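Right, one structure below, let's go through it.
Just so we're clear, the structure is a prediction, and the values are computed from it rather than from any experiment.
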Amino acid sequence: MTHTAAAVAAAIADRLARPDQAPAAVTAEDNRQHLAYGPTGIALLHIERAAAGLAPWQRAHDWLSAAAREPVTSGPDSHPFYGAPALAHAVACAADQLPDSYRRGLDVLDRQVTADARRRLDAAHRRIEAGQLPALAEFDAIRGLTGYGAHLLRRDPAGPMTRAVLDYCVRLTNPVTHDGERLPGWWVPTGPSGRPDDRFPGGHANHGMAHGVGAVLALLALAARRGTTVTGHHQAMRTILAWLEQWKAPTGRGTAWPYWTTREELRSGRPAASAPRRPSWCYGTAGLARAQQLAALALGDSDLQAEAEAALLDALSDRVQLRVTTDSGLCHGFAGLVHIAARAAADADRATAGQLRAIIPALLTMLVPPGTAPDEAAALLLKDAAGAGLLDGAAGTALGLTTADSAEPPRTSWDACLLTA
């Protein structure tokens, strides 16, 4: 099956070889600067394949040029998945392989990202000092400071701005009292959309990797594993881990995490009963289990590591949870599950690593049904409503398939934006 995975990934890349022949939505102005849906996300596929010697670098150059053909947004209207920070991520992946080709452009982008992160940090600390609750977009991986931290950690692991973001993450874990109730520091006053929501009176605590505290845990863990820590670093990880321990719920095969905790649940002290939910990267057990595994490795906690890996194994082999996973993409589909399984296996002990790798072929059949020709599979994936992009579309699916095809980690840091490694 891994041979088929590689062939399908190659077929997708071939169909997305040139920006001028790609689906129009990819290069439309609304998506041009977006890492999730636009050229920068597709560039990551071609950069990874070129770095592995599987395709020419010209494809990556063409897609990066498509992303930068007009002025790129920076400042308040940009974020890690849009504008200068999004382009910086893709260019950094290419520059790691071809520094002479991209150093000057990347230096400009890095300065923009640093200035934007500094402004956001200043605003976040003013918000904390005023006793206000945060917005999801202040700290999450897609739009917020955790996403900036992921880029800064790659570019300057022990630098002052990286450490400043980590200091903020530690401060975010301090409890707050709001309306007379004690809340975790990452409690937001809105619904998961970031807007007021009658279904979430009093707000919620978001657990996800895309928009919640899972990403904060992952960033702190990744930094610690690289040797960069700040005051209170390990205690902050323990605070998040204790919260997640409190809210995990039993399933038929093990434990799973709800997507969030509401004010009513907080007051009752237990999660409300809910239907099975997909164990995805963005929300759900797969992403959170990977974050916990990374934290366990950073803390040297073998018991926690075993628990995290068991939760991931349970989620990826639970037919009930897999049945509600209905799409192929990285964000909340099977490509994301394949990628997380492969990344977690690389860090697991030998026995657990073997079990995780043994699950991958079954997950791949959900992506590419047996007997489907690679070009046919590529065509079907590109026709999917999610399109061609990184998070929900075919380029991200191809990257997940590429991860599954190799016992080695990715050649580039394309998945740093997901905080999975």
Chi angles and distances behind the side chain to side chain contact (heavy atoms under 4.5 Å, CB included) call for Asp392, Tyr37: CA-CA 8 Å; Asp392 297 322; Tyr37 314 118; 4.1 Å; yes

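- Between the side chain of Gln321 and the main chain of Pro279, no donor-acceptor pair closer than 3.5 Å is present.
- Atom CG in Leu401 sits 6.5 Å away from atom CG in Leu364 (nearest 0.5 Å).
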Stepwise side chain to side chain contact (heavy atoms under 4.5 Å, CB included) test for Leu322 and Leu363: CA-CA 9 Å; Leu322 294 178; Leu363 296 174; 4.2 Å; yes

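- Considering every non-hydrogen atom in both Arg343 and Pro409, the closest pair reads NH1-CB, 3.4 Å.
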Arg195 vs Thr190, side chain to side chain contact (heavy atoms under 4.5 Å, CB included): CA-CA, chis, key distance, verdict: CA-CA 5 Å; Arg195 297 184 293 273; Thr190 64; 5.7 Å; no

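- Taking 4.0 Å as the cut-off between side-chain N and carboxylate O, Arg127 and Glu138 count as a salt-bridged pair.
- Side-chain contact between Ile42 and Leu16: present, with at least one pair of heavy atoms (C-beta onward) separated by less than 4.5 Å.
- Checked against side-chain contact (heavy atoms from CB on, under 4.5 Å), Ala60 has the following partners two or more places apart in sequence or in another chain: His46, Ile47, Trp57.
- Side chain of Arg49 to main chain of Ala13: no donor-acceptor pair is present (N/O by atom type, distance under 3.5 Å, no hydrogens or angles).
- Salt bridge annotation for Arg290-Asp347: present, with a cationic side-chain nitrogen under 4.0 angstrom from a carboxylate oxygen.
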Side-chain donor-acceptor distances from residues 307-317 under 3.5 Å, at least two apart:
unit_1, atom_1, unit_2, atom_2, d
Glu309, OE2, Gln293, NE2, 2.8
Glu309, OE2, Gln305, NE2, 2.8
Ser317, OG, Arg253, NE, 3.4
Ser317, OG, Arg253, NH2, 3.2
Ser317, OG, Leu313, O, 2.7
Ser317, OG, Asp314, O, 3.4

Criterion side chain to side chain donor-acceptor pair (under 3.5 Å) on His204 and Asp197, from CA distance to verdict: CA-CA 10 Å; His204 76 293; Asp197 190 326; over 6 Å; no

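- Counting heavy atoms of neighbouring residues, nucleotides and ligands inside a 6.0 Å radius, atom CD of Glu264 does not exceed 12 of them.
- Heavy-atom neighbours of Arg119 CZ from other residues, nucleotides or ligands within 6.0 Å: above the threshold of 12.
- Looking at Thr403, its side chain does come within 3.5 Å of a backbone N or O of Leu399 through a donor-acceptor pair.
- Without hydrogens or angle criteria, His125 side chain to Asp122 main chain gives no donor-acceptor distance under 3.5 Å.
- Within a 6.0 Å sphere centred on CZ of Arg411, other residues, nucleotides and ligands contribute 12 heavy atoms or fewer.
- The two residues Leu64 and Ala90 have their closest heavy-atom pair at CD2-CB, 3.8 Å.
- Rounding to the nearest 0.5 angstrom, the gap separating the CG atom in Leu390 from the NE2 atom in His34 is 10.5 Å.
- At distances below 3.5 Å, not a single donor-acceptor pair connects side-chain atoms of His211 with backbone N or O atoms of Ala141.
- Side chains of Phe334 and Thr365 form no contact here, defined as non-hydrogen atoms less than 4.5 Å apart.
- Residues Gln33 and Ser78 are not in side-chain contact: their nearest non-hydrogen atoms beyond the backbone lie 4.5 Å or more apart.
- Ring-centre distance between His61 and Tyr102: below the 6.0 Å cut-off.
- Within the structure, the ring pair (Phe, Tyr, Trp, His ring centres under 6.0 Å) test picks out the following pairs touching residues 268-312 (sequence neighbours left out): Tyr259-Tyr283, Trp260-Tyr283.
- Classification of Arg238 and Glu245 as a salt-bridged pair fails, no side-chain N sitting under 4.0 Å from a carboxylate O.
- The CG atom of Asp156 lies 9.0 Å from the OG1 atom of Thr228; values are rounded to the nearest 0.5 Å.
- The two residues Met209 and Ala291 come nearest to each other via the heavy atoms SD-CB, 3.9 Å.
- When side chains are defined from C-beta on, Leu381 counts as touching Ser328, because their heavy atoms get closer than 4.5 Å.
- No donor-acceptor distance shorter than 3.5 angstrom exists from the side chain of Asp415 to the backbone of Leu418, with no hydrogens or angles considered.
- Note that CG of Leu54 and CG of Leu45 are 10.0 Å apart. Values are rounded to the nearest 0.5 Å.
- Side-chain contact between Leu172 and Val216 is present, with at least one heavy-atom pair separated by less than 4.5 Å.
- Between Arg111 and Asp116 there is no salt bridge, since none of the side-chain N atoms of the basic residue sits less than 4.0 Å from a carboxylate O of the acidic one.
- Inter-residue side-chain proximity for Arg171 and Asp167 is flagged as unmet; no heavy-atom pair is nearer than 4.5 Å.
- Thr352 contributes no side-chain N or O that, together with a main-chain N or O of Ala348, makes up a donor-acceptor pair within less than 3.5 Å.
- Closest heavy-atom contact between Leu382 and Ala388: CD2-CB, 3.8 Å.
- Across all non-hydrogen atoms, the minimal contact from Leu217 to Ala295 is CD1-CB, 3.8 Å.
- Here the CZ atom belonging to Phe81 is positioned 5.0 Å from the CG atom belonging to Leu391, to the nearest 0.5 angstrom.
- Ion pairing between a basic and an acidic side chain is recognised when a charged N comes within 4.0 Å of a carboxylate O; Asp96 and Arg154 show such pairing.
- Side-chain atoms of Thr162 come within 3.5 Å of backbone N or O of Leu152 as a donor-acceptor pair.
- Summarising the geometry of Leu222 relative to Ala421, their closest heavy-atom pair is CD2-C, 3.6 Å, with the distance given to 0.1 Å.
- With a 4.5 Å cut-off on side-chain heavy atoms, Leu35 and Pro80 do not count as touching.
- Counting only distance, with no hydrogens or angles, the side chain of Thr285 and the backbone of Trp257 share a donor-acceptor pair below 3.5 Å.
- Taking 4.5 Å as the limit, every side-chain heavy atom of His332 sits out of range of all side-chain heavy atoms of Thr325.
- The side-chain contact (heavy atoms from CB on, under 4.5 Å) test with Trp187 singles out one residue from Glu181, Arg263, Arg182, His178, and that residue is Arg263.
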Side chain to side chain contact (heavy atoms under 4.5 Å, CB included) evaluation trace for Arg120 with His79: CA-CA 10 Å; Arg120 286 169 176 259; His79 57 68; 3.8 Å; yes

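- Between the OH atom in Tyr82 and the CG atom in Leu87 there is a gap of 12.0 Å [rounded to 0.5 Å].
- Looking at Arg59, its side chain never comes within 3.5 Å of a backbone N or O of Ala55 through a donor-acceptor pair.
- For the 3.5 Å distance criterion, the side chains of His207 and Thr261 qualify, holding a donor opposite an acceptor.
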